[in-house]
Undergrad: 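Questions regarding the structure given below will be posed in turn.
Heavy atoms only: backbone and side chains are in, while hydrogens, waters and symmetry mates are out.
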Amino acid sequence: MDWKKPIKFKIGSEDWEMPLNVLIMLIAITLALMGLGAWMGFQFGS
């Protein structure tokens, strides 16, 4: 699998292009922060 393959997508009227490995890393960081925030919110709420 080519991890450096550029992925093209469009957000609004802007065209974006980034390597596959960077896109996967950003998605993983986002999901980790969302999970950590939900866990911390639950801990502080109880």
Undergrad: Could you go through residues 31-46 and list every donor-acceptor pair under 3.5 Å that involves a side-chain atom there, pairing it with any protein atom two or more places apart or in another chain?
TA:
| unit_1 | atom_1 | unit_2 | atom_2 | d |
| --- | --- | --- | --- | --- |
| S46 | OG | F42 | O | 3.2 |
| S46 | OG | Q43 | O | 3.4 |

Undergrad: Counting C-beta onward and ignoring hydrogens, is there a side-chain heavy-atom pair between N21 and K4 closer than 4.5 Å?
TA: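 A side-chain contact under 4.5 Å exists here.
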Undergrad: Look up atom CE in M25 and atom CE in M18, then write down how far apart they are to the nearest 0.5 Å.
TA: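 Output value for this atom pair is 9.0 Å.
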Undergrad: Report yes if some heavy atom in the side chain of L23 is under 4.5 Å from a heavy atom in the side chain of F9; otherwise report no.
TA: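 Result yes, sub-4.5 Å side-chain heavy-atom pair found.
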Undergrad: Not counting sequence neighbours, which residues clear side-chain contact (heavy atoms from CB on, under 4.5 Å) with I24? List them please.
TA: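 Here the qualifying residues are W3, L20.
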